[in-house]
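To start, the structure under review is shown below, and the notes come after it.
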Amino acid sequence: MSSCKEIRLILGDQLNHQHSWFKSNDTSILYVLMEVKPESEYVTHHIQKIAGIFSAMRNFAFELEENGHKVAYFKINDTNNRQSFAANLKSLIDEHGADKLSYQLPDEYRLDELFKVEFPKLGVEIQAFNTEHFFTERQELKEQFEGKKTFLMESFYRKMRKKHDVLMDGEQPISGKWNYDKQNRNKLPKAHIPTTPKLFENDVTEIVNEIDAAGINYIGEIKPKAFIWPISRAQSESLLQYFLEEMLPYFGQFQDAMSNEYWSIYHSRLSFSINLKMLSPHEVVKQAENHWKRNTDTINLAQVEGFIRQILGWREYMRGIYWAKMPEYATLNFFNADKKLPQFFWTGDTKMNCLKKAINQSLKHGYAHHIQRLMVTGSFCTMAGINPDEVDQWYLGIYVDAFDWVEITNTRGMSQFADGGIVGTKPYVSSASYINKMGDHCKGCHYSYSKKTGEGACPLNSMYWHFLARNHDKLKTNHRMNMMYNVWFKMDTAKQKEILDQADQYLEDIENL
Ligand code: FAD
Ligand code: DLZ
């Protein structure tokens with residue numbers, strides 16, 4: 001039996017080669033990673049998410065060993081795998097006579113609490129370490145907005161730009177402007193063909209077979225011999241380089257565009273790598289800024305600012321909200337929405353073309369870009385009054401990048417407005433005119449985007465007004481909603497009734513839309 005004084009736990013989303021833990025080699029330290037069933041089953045995950053995480057964990061463990069570290073790895077079907085973090089750790093502590101357990105702070109509240117309760121029972125010294133991943137500390141956002149009613153992302157973002165000296169000219173933003181959001185709202189021009197996304201062809205057959213053998217329930221499709229997501233730091237780095245060279249010149253401009261044909265347009269598809277910590281947000285932001293500085297003739301500031309805002313701004317802001325507001329945040333339901341998520345979210349079988357595309361590509365790739373998540377599936381659920389618990393379960397399961405801290409703040413907060421306006425200043429809901437403005441989904445759709453009522457009217461149109469009308473009491477003091485309520489109250493009552501009746505009809509028959 002080899003003895004190790006200290007056991008260090010690494011979670012499936014803590015694959016950070018740059019962590020100070022790995023700066024030197026120490027044979028009295030045993031690193032441990034484990035595939036355990038409860039983590040695969042707290043929600044029904046997409047098969048690509050489970051296979052991607054297990055593959056990346058196995059690669060990480062292999063690379064640590066190659067670098068001279070001692071590693072224990074529990075595969076999902078190993079006979080000695082007790083399928084729990086604490087039970088597996090206990091057996092390692094006993095086997096090695098270790099007297100200390102270290103772990104990196106989990107990003108998820110559930111695990112953070114679990115570890116605080118279970119680890120002290122193991123009878124060894126416990127030490128928690130920072131993940132050394134984020135720009136901010138867990139409580140930083142809370143402290144910044146102490147005593148304030150709202151947490152404004154824009155003021156947080158500007159502070160971050162200054163603090164980390166990103167796109168700055170002294171104390172001022174480069175070129176004098178902080179935000180180019182308004183320039184980032186174009187649809188794809190007619191003949192425009194976006195750059196092909198970089199897809200890997202990883203063979204994950206063995207892992208998928210093991211997941212099946214373990215009897216883990218999952219959703220979605222996978223091509224096990226050509227798995228498209230990056231499963232190592234090297235692949236993640238090459239995806240980042242590809243993005244900088246091929247996609248960044250158009251990123252901001254087409255950030256909000258939607259398309260029948262192109263499923264990721266100019267989006268980076270880096271969220272899986274960043275959330276697993278195979279890439280650090282610092283290096284992604286710095287490399288984007290430096291790449292822009294070297295290529296100002298081909299990349300304008302709006303493109304790079306749009307990208308950096310997502311990572312230095314939104315991503316850190318969402319994490320800050322999570323730690324400021326959990327665990328209550330996971331229970332918020334501002335509109336008291338209580339409907340069930342329609343079955344077509346699991347099959348893609350709907351006549352609404354925008355939803356069909358977004359759901360089918362999510363099942364196919366475990367991915368949809370931000371506007372699909374926010375303005376297609378998200379907006380539909382908000383307007384239909386779906387219970388946010390069900391909406392959260394769907395988003396947390398289906399996307400390869402979905403982890404509670406960033407899923408729940410985006411879904412329950414930004415998308416469903418179930419937090420009553422902590423993350424967003426107004427609900428993100430849209431009628432068909434927005435969908436039609438930003439892409440080509442409405443062309444060839446079973447429904448007509450220009451009709452509010454009657455045969456073939458797009459359900460989104462009447463649902464939009466139904467949502468506003470039934471939630472007037474909750475939204476009437478929100479100044480950002482004034483314009484839309486003015487339009488609604490100027491409509492004659494017969495027209496209003498026709499629209500509400502149409503929406504009622506659609507909502508009653510929601511499974512068949
Ligand atoms: P890009 O468009 O290329 O953006 C670059 C990077 O910016 C992303 O990789 C991501 O790290 C970061 N980013 C962009 N927007 C956000 C945001 N709103 N919050 C946090 N980070 C952001 N993101 C997740 O990582 N996990 C989730 O579970 C998740 N769930 C979401 C659910 C809903 C309802 C909505 C509206 C958004 C959600 N997002 C989530 C945010 C965003 O949609 C994804 O980060 C993005 O689509 C990932 O694709 P990408 O890497 O191509 O992003
Ligand atoms: C999502 C996930 C899955 C499916 N499996 C594992 C696992 O077997 N072992 C592990 O350490 N982590 C896994 N994860 C990630 C965790 O469930 C959890 O979401 C993150 O660690 C929270 O930040």
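What you see is a predicted model; the values in this text were computed from it and never measured. Note that ligands are numbered from 1 as they come in the structure, with each ligand's atoms numbered from 1 the same way. Values reported hereafter were calculated over all heavy atoms of this structure, with side chains retained and with hydrogens, waters and symmetry mates removed.
- Ring pair Tyr31/His69: centre-to-centre distance below 6.0 Å.
- Closest to atom 26 (N) of ligand 1 among all protein heavy atoms lies Asp401 O, 3.0 Å.
- Here is the list of ligand 1 atoms found below 4.0 Å of a heavy atom in Val406: 20 (C), 23 (N), 24 (C), 25 (O), 26 (N), 27 (C).
- Side-chain rings of Tyr218 and His46 stay apart, their centers remaining 6.0 Å or farther from each other.
- For Tyr329 and Tyr322, the ring centers are positioned 6.0 Å apart or more.
- For the pair Gln48/Val204, no side-chain contact is recorded, criterion being any heavy-atom separation below 4.5 Å from C-beta on.
- Between Phe134 and Trp405, the ring planes are perpendicular. Angles over 60° get that label, and only those under 30° would be called parallel.
- Aromatic ring orientation, Tyr395 versus Tyr399: tilted (interplanar angle from 30° to 60°).
- At the top of the distance list for atom 40 (C) of ligand 1, counting protein heavy atoms only, stands Arg373 NH1, 3.5 Å.
- Relative ring orientation between Trp314 and Tyr317 is described as perpendicular, the plane-to-plane angle rising above 60° on a 0-90° scale split at 30° and 60°.
- Considering only non-hydrogen atoms, atom 36 (C) of ligand 1 lies nearest to Leu374 out of Val391, Leu374, Leu239.
- Heavy atoms of Phe54 come nearer than 4.0 angstrom to ligand 2 in at least one pair.
- Counting heavy atoms closer than 4.0 Å to ligand 1, residue Phe272 contributes nothing at all.
- Cation-pi contact between Lys49 and Phe403: present, with separation from the ring centre below 6.0 Å and deviation from the ring axis of at most 45°.
- Proximity of Trp405 to ligand 2, defined as any heavy-atom pair under 4.0 Å, is not found for any part of the residue.
- Looking at Glu407, Glu316, Met318, Gln310 and measuring to atom 7 (O) of ligand 1, the nearest heavy atom belongs to Gln310.
- Atoms of ligand 2 lying under 4.0 Å from any heavy atom of Leu111, numbered from 1 in the order shown and given with element: 18 (C), 21 (O).
- Every atom of ligand 2 with a heavy atom of Phe85 under 4.0 Å away is listed here by number and element: 10 (C), 11 (O).
- Ranking the protein heavy atoms by distance from atom 19 (N) of ligand 1 puts Asn410 ND2, 3.1 Å first.
- Among all non-hydrogen protein atoms, the one lying nearest atom 21 (O) of ligand 2 is Asp13 OD1, 2.8 Å.
- In this pair, Trp229 and Phe272 present their aromatic rings tilted. The plane angle is within the 30 to 60° band.
- The pair Lys187-Asp256 does not count as a salt bridge, with every side-chain nitrogen at least 4.0 angstrom from each carboxylate oxygen.
- In this structure, Phe417 has its ring center no closer than 6.0 Å to that of Tyr428.
- Judged by the shortest distance from any of its heavy atoms, Tyr266 lies outside the 4.0 Å radius around the atoms of ligand 1.
- In this comparison of Glu39, Met34, Gln14, the heavy atom closest to atom 14 (N) of ligand 2 sits on Glu39.
- Listed by atom number, the atoms of ligand 1 under 4.0 Å from Arg315 heavy atoms are 11 (O), 20 (C), 21 (N).
- Under a 4.0 Å heavy-atom criterion, Tyr399 is not in contact with ligand 1.
- Under 4.0 angstrom from ligand 2, the non-hydrogen atoms of Asp107 come from both its backbone and its side chain.
- The nearest heavy-atom contact from the protein to atom 15 (C) of ligand 2 is Phe403 CE2, 4.0 Å.
- With hydrogens left out, the protein atom closest to atom 1 (C) of ligand 2 is Ile53 CD1, 3.5 Å, a heavy atom.
- Each of the atoms 32 (C), 33 (C), 34 (C) of ligand 1 lies under 4.0 Å from some heavy atom of Thr411.
- Contact analysis leaves Tyr428 out of contact with ligand 1, as no non-hydrogen atom separation drops below 4.0 angstrom.
- Residue contacts with ligand 1 for Phe307 involve side-chain atoms from C-beta outward but no N, CA, C or O (heavy atoms, distance under 4.0 Å).
- For the residue pair Asn300 / Gln303, a side-chain donor-acceptor distance below 3.5 Å is found, with atom types taken as modelled.
- Here His192 and Tyr262 keep their ring centres 6.0 angstrom or further from each other.
- The shortest N/O to N/O separation between Arg269 and ligand 1 falls below 3.5 Å.
- Looking at Leu33 against ligand 2, nothing comes within 4.0 Å, counting heavy atoms.
- Atom numbering of ligand 2 starts at 1 in the shown order; those under 4.0 Å from a heavy atom of His45 are 1 (C), 4 (C).
- Considering only non-hydrogen protein atoms, atom 12 (N) of ligand 2 sits nearest to Gly12 N, 3.4 Å.
- Ring pair Phe251/Phe243: centre-to-centre distance below 6.0 Å.
- Two rings, from His267 and Tyr367, have their centers 6.0 Å or more apart.
- Salt bridge annotation for Glu316-Lys159: absent, with no cationic side-chain nitrogen under 4.0 angstrom from a carboxylate oxygen.
- Each of the following atoms of ligand 1 lies closer than 4.0 Å to a heavy atom of Leu270: 9 (O), 51 (O).
- Remark: distances from the non-hydrogen atoms of Met57 to ligand 2 include one below 4.0 Å.
- Across His291 and Leu244, no two heavy atoms sit closer than the pair NE2-O, 3.1 Å.
- Of the N or O atoms in Tyr395, none lie within a sub-3.5 Å distance of an N or O in ligand 1.
- Using cut-offs of 30° and 60° on the angle between ring planes, the pair Phe129 and Trp21 is perpendicular.
- With atom 51 (O) of ligand 1 as the reference point, the heavy atom nearest to it among Ala288, Ser264, Ser271, Ala368 is part of Ser271.
- Against a heavy-atom cut-off of under 4.0 Å, Ile311 is close to the following atoms of ligand 1: 6 (C), 7 (O), 12 (C).
- Not one N or O of Phe251 is nearer than 3.5 Å to an N or O of ligand 1, by distance alone.
- Of the candidates Arg110, Gln104, Glu108, Glu108 brings a heavy atom nearest to atom 19 (O) of ligand 2.
- Contacts of Asn275 with ligand 1, taken as heavy-atom pairs under 4.0 Å, involve the side chain alone.
- Remark: minimum distance from atom 8 (O) of ligand 2 to any protein heavy atom is reached at Val36 N, 2.9 Å.
- No more than 12 heavy atoms of other residues, nucleotides or ligands shown are found within 6.0 angstrom of CD on Glu206.
- Note on ring orientation: taking the six-membered ring where Trp is involved, the planes of Phe60 and Phe22 are perpendicular (angle over 60°, cut-offs 30° and 60°).
- Residue Ser415 touches ligand 1 through its side chain alone, judged by heavy-atom distances below 4.0 Å.
- Looking at Arg319 and Glu137, no side-chain N of the basic residue comes within less than 4.0 Å of a carboxylate O on the acidic one, giving no salt bridge.
- Nearest protein heavy-atom neighbour of atom 43 (O) of ligand 1: His370 ND1, 2.9 Å.
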